[in-house]
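Let me begin by presenting the structure, written as structure tokens, before commenting on it.
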Amino acid sequence: MASITLKSFIGLRRQSSPENHHPTITPPTHLHRRRLITLAGKSSPKLSGRNLRVAVIGGGPAGGAAAETLAKGGIETILIERKMDNAKPCGGAIPLCMVGEFDLPLDIIDRRVTKMKMISPSNVAVDIGRTLKPHEYIGMVRREVLDAYLRERAAGAGASIVNGLFVKMDKPIDKYAPYVVHYNEYDGKAGTVGKKVTIEVDAIIGADGANSRVAKQIDAGDYEYAIAFQERIKIPDDKMQYYENLAEMYVGDDVSPDFYGWVFPKCDHVAVGTGTVTHKPDIKKFQLATRLRARDKIQGGKIIRVEAHPIPEHPRPRRLSNRVALVGDAAGYVTKCSGEGIYFAAKSGRMCAEAIVAGSENGTRMVDEADLRNYLREWDKTYWPTYKVLDILQKVFYRSNPAREAFVEMCADEYVQKMTFDSYLYKTVVPGNPLDDLKLAVNTIGSLVRANALRNEMAKI
Amino acid sequence: MTSSMAFLSSTPTKLPSFSPSSKTHFPINPFLSLKPQRYHFASVRAAEIGSGAAVVVEEKKDSEVKAAEEGNGAPVAAEVEEVGVKFEDPKWVSGTWDLKQFQKDGATDWDAVIDAEVKRRKWLEDNPESSNNDFPVVFDTSIIPWWAWMKRFHLPEAELLNGRAAMVGFFMAYFVDSLTGVGLVDQMGNFFCKTLLFVAVAGVLLIRKNEDIDTLKKLIDETTFYDKQWQATWQDEKKE
């Protein structure tokens, strides 16, 4: 059984004094004043002669969605992205609800996955997807295409998109003073150091991803993260036919001790990868094992690209500080079990922007921390059940090989498939029929018991 | 010499941290009950060496031993395409166990099916195989009836636990009686005694090995850890 070491969580957030990251020492009365104001910022002053200014740092799905919602809400928005043509390493899967909620055009989606194959450590293969209706699918996108589209839409709504690298921010000197954002403007010229620019904004949304600088600046703390390692492989056409609308998931100790290996179809090639939290130095070994398990199906393929990226495992200890909020990967909004992040990044960007628009009454009033906390409250309330359920699934089914065998056995059940897809595609945890749930619970326990019994016998050999 | 190189050519040096038994395909392990089957595998395996020569390995007991001896020291020569040995067994037909071959006295010998599946899983854990669409694995452990599992796994453990419970129960009843003079029947009417009984039963069920105490503590922490991580940002609000 994989032993899960629980680091002391308190230690993840560094204790810091105000002097460390701000030249001016905030006077004690500042904190005292803030404690009294915990309601919505109806008492915050009306802005005269200008609209609220917000800087969105990072132009991925989170930043693009946030900038669009802010601009539509009448707020002066600036989006700072360091690499406009960034082809990010990513699984690239988006749920069906994202297409509807974000009005994505269908040509952004390279492939519609309607079938999935789960393969257990002993190569028991189960097909899931029988319960999908004809209009339901998992969309596979290219990140460079999706990110650019969302940014363009934000620009169309009135946000100004700037090609630059965020360097640091100066905290406000008193309660309603602006933040000063320092960035290097590249203006499309690659390889240059860039021109140093400073702007004053009233609020900042940190959407700059897993290695967020904004998070460092507000002392948000660290999170545990997984390493996802992926090879893009161009396989012969007849083999590509098999992956036309099918994705595969391989589970097993050889492939990953705490995650899964995958073969995802992309526009004209497949992405074969795996990930791990606890055994990062062995990632190459896991990748070899994944390729071995998929060998017959990717035979004759050529590796065209190798990439790796971190995946946050849980939210940062601090997701918000005064008028700076984190969204997307910067906040750590990636689900366990499936490692899904694109939809949650875009949704959190949108939700945060909506909270700012509401709190500022369409840009006419100043916002303060309480308004941004509304975003956190709404987010936690809406998506906590999803995250918790996926956490439980990961803890139960990714523990050990017997658990994974049981997992694959359970996936053969139609009820499980229906519940899984419904909750994945529409991002709601729907309590199903209680009788079916009971049957499912009994079957799950049965599978786990059988698999563990076999494992105990294996240890005796 | 070439034939032993053929054995070695499948040695996956790229996978160093697998258990030693997978480094060569012929571990010198006297307890390995898979040995009888290995000869069977050897006869169907053809190892591809990077240099291009394909060698079909013969079913020879002595060449096996030679390979095993040399496997510990000799390095692998060229970059090889890893052709893993596939799991093969006469009773494993079309991706599942052929129950007709497990008949004993007219009924299916479920214990043998369980043993066969255990061996297959152990083999695959040590020698992971590619999943193939032409030969899908469709075996489901639920075809083995519940009473076969009960008889083999649950009953011995149940006997053990009941034995422990009986011993603890008898001793505690005697001990309480000698201290307080309250007989067994009267003990059952007392709330404190009933609580002790509950604790004893729970203890026997949950703590079967010494390690279980730590495991239980870790499990309790685990169930609430994720919640704590999510709540962390709200600690800020309360502080201010």
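Quick note on labels: first sequence line is chain A, next is B, and so on, each numbered from 1. From a predicted model like this one, the values you see are computed outputs, not experimental measurements.
Going from atom CD of B:E117 over to atom CH2 of B:W110 covers 12.5 Å, rounded to the nearest 0.5 Å.
For chain B, the nearby parts of A:E457 are the backbone and the side chain; heavy atoms of each come within less than 4.5 Å. Heavy atoms of A:E405 lying under 4.5 Å from chain B belong exclusively to its side chain. Neither the backbone nor the side chain of B:D134 comes within less than 4.5 Å of any heavy atom of chain A. Interface residue A:Y333: only side-chain heavy atoms are found under 4.5 Å from chain B. Only the side chain of A:I119 comes within contact range of chain B, judged by heavy atoms closer than 4.5 Å. The contact between B:E129 and chain A is made by backbone and side chain atoms together, counting heavy-atom distances below 4.5 Å. Only the side chain of A:N401 comes within less than 4.5 Å of a heavy atom in chain B; its backbone stays farther off. Only the backbone of A:A294 comes within less than 4.5 Å of a heavy atom of chain B; no side-chain atom from C-beta onward does. Using a 4.5 Å cut-off between heavy atoms, A:K117 contacts chain B through its side chain alone, with no backbone atom that close.
For the pair A:R377 and B:W234, the cation-pi criterion (under 6.0 Å, within 45° of the ring axis) is not fulfilled. Both tests hold for B:K91 against B:F102: distance to the six-membered ring centre under 6.0 Å, angle to the ring axis within 45°.
Chain A forms more heavy-atom pairs under 4.5 Å with one residue of B:N132, B:V118, B:T223 than with any other, namely B:V118. Note: B:D227 leads B:D227, B:I114, B:D115 in heavy-atom pairs under 4.5 Å with chain A.
The two residues A:D253 and A:R455 come nearest to each other via the heavy atoms OD2-NH2, 4.4 Å. Residue A:C337 comes nearest to A:L393 through the heavy atom pair SG-CB, 4.0 Å, listed as atom of the first residue, atom of the second, then distance. Minimum interatomic distance between A:S256 and A:T274 (heavy atoms only, all atoms of both residues): CB-OG1, 3.6 Å.
Using a 4.5 Å cut-off on side-chain heavy atoms (C-beta onward), B:V93 and B:K100 make no contact.
The neighbour count for B:Y226 OH, taken as heavy atoms of other residues, nucleotides or ligands under 6.0 Å away, is above 12. In this structure, B:N133 places its CG atom where more than 12 heavy-atom neighbours from other residues, nucleotides or ligands lie under 6.0 Å away.
Scanning residues 136-144 of chain B against chain A with a 4.5 Å non-hydrogen threshold yields B:V137, B:F139, B:D140, B:T141, B:S142, sorted by number. Inspection of non-hydrogen atoms places A:W384, A:Y387, A:K388, A:D391 of residues 382-392 of chain A under 4.5 Å from chain B.
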